[in-house]
Amino acid sequence: MYSNEDYLLELLTEAGLVAVEEIEAVRSQLKGRETVVERLIGGGRISEEQVAQVSAQSSSMDFIDLAHTAISPDLFAKIPDDVAKRFRAVPIADDGTYLTVAIPDPLDFEVLDSLPHILGREINPVCATATAIAQVIHQNYGEEVTEDAATEQFTVVSAEGNEEATEDDAPIIKMVSTMLLDAFKTKASDIHIEPLETSLRIRFRMDGKLVEVDNHPKKLHPAIIARIKVMSGTMSIAEKRLPQDGRIQIRVAGKEVDLRVSSVPSNHGESIVMRILDKTSLMLGLPELGFLSDDQETVDNMIRLPDGIILVTGPTGSGKTTTLYGCLNTINTSDRKIITVEDPVEYELPGINQVMVKTDIGMTFAAALRAMMRQAPNIIMLGEIRDAETASIAIQAALTGHLVFSTLHTNDAPGAVARLADIGVKRFLIASSVRAIIAQRLVRMLCPHCKAPAMLTDRQMRTLNLDAKQVAESDIMGPAGCDMCRQMGYRGRMGIFEIFKVDDEVRHLINEELTSPQLRRRARELGMRTLREDGIRKVLAGSTSAEEVLRVTMSDSD
């Protein structure tokens with residue numbers, strides 16, 4: 001019920017509320033998981049109010065009697081119900097700077113550290129009895145979630161390790177589980193656990209930006225790393241000198257989530273990064289990916305072609321895989337056989353045959369692709385074209401009646417032609433097999449709860465090539481910041497795209513061996529919209545900000 005019980009019993013003794021001999025007598029009679037403090041309260045020796053007051057005083061925290069405190073109903077929206085129930089925390093007042101929150105245990109530093117990050121604002125903690133807080137939660141949020149019920153919301157689905165948790169491990173288990181739950185609820189894509197010289201830093205990558213969410217004492221580092229390795233089931237706790245990879249499957253509120261775990265030794269200890277792969281995030285259509293209506297129609301027509309290669313290009317982390325999965329979801333029907341080759345298989349797609357590359361046993365992209373051709377697929381997806389052999393097999397597949405999806409690392413769409421040529425593909429094969437190339441970047445979307453009308457600076461208007469009339473007729477918005485977006489002003493991401501269709505005229509240009517800049521200029525003359533131009537449309541529609549578009553299209557100066 002209370003953390004740090006020995007310390008709390010010492011405080012009660014110093015306050016003259018209980019004697020040392022009585023504590024020892026009670027301790028000898030304990031059964032199960034009952035604590036000395038709980039037995040003293042249950043036996044009427046001390047009251048819950050006395051324990052809370054002593055604990056609050058030791059922490060220089062105010063004690064509040066909730067039974068005689070009026071709380072405005074509007075305040076309960078300040079703390080989501082799941083947070084209130086899990087942390088046993090209720091809002092008392094809000095002065096605009098600090099949110100006053102009642103908690104039952106001033107010694108529970110996990111609550112004190114976590115609440116400001118989860119709520120996205122500073123809190124002023126006060127102490128109240130657990131019973132009074134439970135009553136307020138019951139009256140205003142519904143049934144309180146017990147510790148056991150909260151645990152059921154988070155389950156490790158698979159782990160091959162046989163280690164059993166001891167009672168001493170419980171706080172670390174709870175800390176790691178809370179961290180994973182918080183990352184999932186904030187829609188973080190990665191969790192970074194980084195040992196520094198004197199502390200342990202926890203950061204989440206949210207909408208592409210790393211945000212520090214916790215800072216723990218360095219002494220917790222070995223226990224947290226060990227817990228994560230145990231959860232993976234395949235990582236060695238004893239090995240701390242070599243990099244390791246693992247996978248954790250968890251179930252959060254009924255949803256299955258995969259975590260890809262990577263550990264590397266650093267100068268201050270092992271650093272771990274966990275990538276969160278939420279399977280439900282894949283069930284996206286073209287609008288959810290960020291395609292506007294005209295581009296949706298263009299892409300929908302391209303992905304329904306009977307054969308050819310469709311490439312998605314961009315740097316690492318630009319959302320290429322998500323776009324490919326979105327396209328496959330759109331055309332995944334029972335009359336088509338779809339096979340993918342990936343390194344690794346990040347998401348499992350229902351109804352699709354997925355093959356994972358294993359280079360250590362000779363299962364390369366090229367080897368897997370050759371084997372796939374004997375499976376008579378209609379559609380093939382390659383995680384990436386990396387070399388001439390893979391590119392050659394993909395082109396042969398496209399020329400023999402298969403539709404092939406893949407990715408390349410290039411800065412723009414026309415640049416993919418030069419990239420394929422550089423790895424050894426003949427120009428006439430590129431011209432005859434490639435049907436379209438889509439370059440993309442990810443921009444943060446403005447938070448729908450707090451975005452506000454914004455003005456563009458003269459410099460932004462010049463850089464984006466906008467005139468006053470366009471701006472006046474548009475719905476330009478900017479970031480403001482609220483509790484829903486953790487004061488960042490942005491929530492979620494969307495793509496901006498450059499779609500390069502390879503028609504007869506473009507095939508002729510490719511065969512003429514035009515350089516990338518020449519091919520790009522001609523593609524624009526033929527109507528290709530650049531990344532920045534697509535971003536400008538989304539700025540004018542109020543979906544993202546000018547700063548975001550300029551940030552991700554710095555090299556797009558055409």
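We count residues from 1, following the sequence as given.
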Can you check whether Val136's main-chain N or O pairs, donor with acceptor, with Asn140's side chain at less than 3.5 Å? yes
Spell out, as yes or no, whether a donor-acceptor pair under 3.5 Å connects the side chain of Thr544 to the backbone of Arg444. yes
Any salt bridge (charged side-chain N to carboxylate O under 4.0 Å, His left out) pairs touching residues 15-26, not counting sequence neighbours? Glu22-Arg45, Glu24-Arg27
Donor-acceptor pair, side chain of Lys229 and main chain of Ser263, under 3.5 angstrom: no
Got a second to check how far Cys127's SG is from Asp62's CG, nearest 0.5 Å? 10.0 Å
Would you check if Ser406 and Leu324 make a side-chain contact, meaning some heavy-atom pair closer than 4.5 Å? no
Find out whether Met231 and Leu259 are in side-chain contact, i.e. whether some heavy atom of one side chain is under 4.5 Å from a heavy atom of the other. no
Does some side-chain heavy atom of Phe405 sit less than 4.5 Å from a side-chain heavy atom of Val312? no
For the student: nearest non-hydrogen atoms of Ser545 and Pro479, plus distance: CB-CD, 4.3 Å
Between Gln57 and Ser59 (side chain of the first, backbone of the second, donor and acceptor by atom type, cut-off under 3.5 Å), is there such a pair? no
Beyond-backbone contact of Asn332 with Leu328, side-chain heavy atoms, under 4.5 angstrom: no
Nearest 0.5 angstrom please: Leu446 CG to Met494 CE, how far? 10.0 Å
For Met179 and Met274, work out which heavy atoms get closest and say how close. CE-CE, 3.9 Å
Would you give the length of the straight line joining atom CG of Leu9 to atom CD1 of Ile23, rounded to the nearest 0.5 angstrom? 4.5 Å
Provide the closest heavy-atom pair for Leu442 versus Arg551 in the form atom of the first, atom of the second, distance. O-NH2, 4.3 Å
Quick one: does Asp182's side chain get under 4.5 Å of Phe204's, heavy atoms only? yes
Leu99 vs Ile79 side-chain heavy atoms within contact, under 4.5 Å: yes
Counting N and O atoms only, with roles assigned by atom type, does the side chain of Lys320 sit under 3.5 Å from a partner on the main chain of Pro315, one being a donor and the other an acceptor? yes
Residues Asp258, Gln249; criterion side-chain contact (heavy atoms from CB on, under 4.5 Å); working and verdict: CA-CA 5 Å; Asp258 281 353; Gln249 287 181 287; 3.2 Å; yes
Side chain to side chain contact (heavy atoms under 4.5 Å, CB included) partners of Ser199, counting only residues at least two apart: Leu196, Asn215
Taking the side chain as every heavy atom from C-beta outward, state whether Val261 and Ile272 have any atom pair closer than 4.5 Å. yes
Using the test ring pair (Phe, Tyr, Trp, His ring centres under 6.0 Å), find all partners of Tyr490 that sit at least two apart in sequence or belong to another chain. none
Does anything in residues 189-198 pair up under salt bridge (charged side-chain N to carboxylate O under 4.0 Å, His left out), and if so which pairs, sequence neighbours excluded? Asp190-Arg205, Glu194-Arg201, Glu194-Arg203
Donor-acceptor under 3.5 Å (Thr407 side chain, Gly383 main chain): yes
Whether over 12 other heavy atoms sit under 6.0 Å from Lys218 NZ: yes
Any chance you could measure Ile438, atom CD1, to Cys327, atom SG, to the nearest 0.5 Å? 5.5 Å
For residues 67-104, which residue pairs qualify under ring-ring contact (aromatic ring centres under 6.0 Å, His included), counting only residues two or more places apart or in two chains? Phe76-Tyr141
Checking the side chain of Lys78 only, and the main-chain atoms of Ile92 only, is there a donor and an acceptor separated by less than 3.5 Å? no
Under 3.5 Å donor-acceptor, Lys187 side chain and Gly492 backbone: no
Separation of Ile173 CD1 from Arg227 CZ (nearest 0.5 Å): 4.5 Å
Stepwise side-chain contact (heavy atoms from CB on, under 4.5 Å) test for Ser236 and Gln244: CA-CA 8 Å; Ser236 171; Gln244 296 187 67; 3.8 Å; yes
If I take atom CG from residue Leu382 and atom CG from residue Asp343, how far apart are they, to the nearest 0.5 angstrom? 12.0 Å
Would you say the side-chain atoms of His221 pair up with the backbone N or O of Glu270, donor to acceptor, closer than 3.5 Å? yes
Can you name the closest pair of heavy atoms from Asp95 and Thr97 and give their distance? OD1-N, 2.9 Å
Heavy atoms of Thr340 and Gln354 approach each other most closely as OG1-CG, 3.2 Å
Looking at Glu48 and Thr131, would you say the former's side chain and the latter's main chain have a donor-acceptor pair under 3.5 Å? yes
Show your reasoning for whether side-chain contact (heavy atoms from CB on, under 4.5 Å) applies to Asp65 and Glu49. CA-CA 9 Å; Asp65 183 359; Glu49 287 77 9; over 6 Å; no
For His216 and Ile224, work out which heavy atoms get closest and say how close. CD2-CD1, 4.4 Å
Quick one: does Lys85's side chain get under 4.5 Å of Ile137's, heavy atoms only? yes
Could you check Thr359 against Phe365 for side-chain contact (heavy atoms from CB on, under 4.5 Å), going step by step and ending with a plain yes or no? CA-CA 8 Å; Thr359 54; Phe365 272 104; over 6 Å; no
Suppose the criterion is salt bridge (charged side-chain N to carboxylate O under 4.0 Å, His left out): which pairs have a residue in residues 115-138, not counting sequence neighbours? Asp94-Arg121
